[in-house]
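So the structure is just underneath, and the comments pick up after that.
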Amino acid sequence: FLIAGLRFHKISTLLVIGSLFFIFGAALAPAAVRLVGKRAAFSGAFFLSAASAAPVYWLGPQDMVPLLALTMLGSVAGGINSTTFWTLIADTADYAQSHLGRRSTGIIFSATTCAQKFGTGVGGAALGLALGAIGYVPGAEQSQGALTGLAALVSWIPAAGFALCGLLASGFPLSGKDRDSFPTKD
């Protein structure tokens with residue numbers, strides 16, 4: 001299994017390179033939005049994340065170069081996604097103002113932040129339950145079933161979640177053209 005066989009310095013290298021490519025993706029987001037639009041950039045970044053996560057299942061400790069390439073690809077997608085997400089939240093606030101006549105930016109952003117914190121808590125609990133279900137034992141040599149489960153937890157399961165988010169995001173009802181035509185109530 002990939003992660004079990006990696007040494008600390010290789011994991012550190014992956015994390016640093018992933019962070020740098022995430023920043024690059026964030027910087028690339030405006031160009032991606034200009035090229036394909038916010039909705040397509042946002043949903044496309046999710047699909048790119050799915051495509052970079054799924055193959056990790058088949059990688060082993062000797063496959064550092066493919067892992068590095070997938071990390072870079074997924075990190076660029078994550079950078080595009082995270083910056084585009086907040087512009088879509090701002091568009092939602094603008095849409096609410098144009099239809100309700102009141103500015104509700106504070107409640108929209110705070111509700112989004114609250115939902116993120118709730119999701120982080122639920123995700124952490126789900127991960128703990130999943131680790132227990134696959135038979136993971138901290139600090140011990142892992143069984144083959146636990147290793148297979150760990151591989152799924154870093155590949156197929158996130159890839160499925162990213163793909164689902166991409167499908168949902170592709171249905172986001174506001175496009176750049178919609179935003180430009182928001183009427184304002186005075």
Side-chain angles (χ1 to χ4, degrees), residues 14-56 68-128 130 152-186:
L14 283 173
L15 293 175
V16 168
I17 290 174
S19 296
L20 292 173
F21 274 80
F22 185 93
I23 293 167
F24 175 68
L28 195 63
V33 167
R34 279 191 301 276
L35 184 65
V36 297
K38 284 182 191 176
R39 180 177 30 212
F42 188 59
S43 61
F46 275 123
F47 291 127
L48 196 56
S49 293
S52 67
V56 172
L68 187 58
L70 292 169
T71 298
M72 293 177 348
L73 182 65
S75 295
V76 167
I80 292 170
N81 184 281
S82 66
T83 51
T84 307
F85 171 77
W86 289 106
T87 64
L88 291 170
I89 298 300
D91 287 351
T92 302
D94 292 343
Y95 179 82
Q97 179 184 5
S98 73
H99 284 74
L100 301 175
R102 299 184 78 190
R103 192 77 184 155
S104 54
T105 306
I107 193 70
I108 290 172
F109 276 85
S110 65
T112 301
T113 302
C114 182
Q116 284 181 313
K117 290 180 181 194
F118 179 78
T120 300
V122 170
L127 178 59
L153 285 172
V154 299
S155 60
W156 286 109
I157 294 170
F162 289 138
L164 177 63
C165 287
L167 287 172
L168 293 172
S170 64
F172 186 75
L174 301 179
S175 69
K177 292 175 187 166
D178 295 328
R179 190 188 188 296
D180 294 340
S181 66
F182 285 163
T184 55
K185 289 187 178 183
D186 295 322

- prompt: Taking atom types as modelled and ignoring hydrogens, do the side chains of Arg103 and Thr105 form a donor-acceptor contact shorter than 3.5 angstrom?
  reply: yes
query: For the atom pair CZ (Phe24) and OG (Ser19), what is the distance rounded to the nearest 0.5 Å?
result: 15.0 Å
message: Show the nearest heavy-atom pair for residues Leu28 and Val76, with the distance to one decimal.
response: CD2-CG1, 4.1 Å
Quiz: residues 77-85 side-chain donor-acceptor pairs under 3.5 angstrom, not counting sequence neighbours:
{"from": "Ser82", "atom 1": "OG", "to": "Gly78", "atom 2": "O", "distance (Å)": "3.2"}
{"from": "Ser82", "atom 1": "OG", "to": "Gly79", "atom 2": "O", "distance (Å)": "3.3"}
{"from": "Thr83", "atom 1": "OG1", "to": "Gly79", "atom 2": "O", "distance (Å)": "3.0"}
{"from": "Thr83", "atom 1": "OG1", "to": "Ile80", "atom 2": "O", "distance (Å)": "3.2"}
{"from": "Thr84", "atom 1": "OG1", "to": "Ile80", "atom 2": "O", "distance (Å)": "2.7"}

message: Nearest 0.5 Å, please: how far is CD1 in Ile89 from CG in Asp94?
response: 11.5 Å
Determine all donor-acceptor pairs shorter than 3.5 Å in which one atom belongs to a side chain in residues 40-53; sequence neighbours excluded.
{"from": "Ser43", "atom 1": "OG", "to": "Arg39", "atom 2": "O", "distance (Å)": "3.0"}
{"from": "Ser49", "atom 1": "OG", "to": "Ala45", "atom 2": "O", "distance (Å)": "3.0"}
{"from": "Ser52", "atom 1": "OG", "to": "Leu48", "atom 2": "O", "distance (Å)": "3.4"}
{"from": "Ser52", "atom 1": "OG", "to": "Ser49", "atom 2": "O", "distance (Å)": "3.0"}

- prompt: Does atom CG of Leu15 have more than 12 heavy-atom neighbours from other groups under 6.0 Å away?
  reply: yes
query: Short question: side chain of Ser75, backbone of Gly18 - any donor-acceptor pair under 3.5 Å?
result: yes
message: Rounded at 0.5 Å granularity, tell me how far OG1 in Thr71 sits from CG in Leu14.
response: 4.5 Å
Donor-acceptor contacts under 3.5 Å from residues 156-172 side chains, at least two apart:
{"from": "Ser170", "atom 1": "OG", "to": "Gly166", "atom 2": "O", "distance (Å)": "3.4"}
{"from": "Ser170", "atom 1": "OG", "to": "Leu167", "atom 2": "O", "distance (Å)": "2.7"}

message: With heavy-atom distances below 4.5 Å as the criterion, would you say the side chains of Thr87 and Val33 are in contact?
response: no
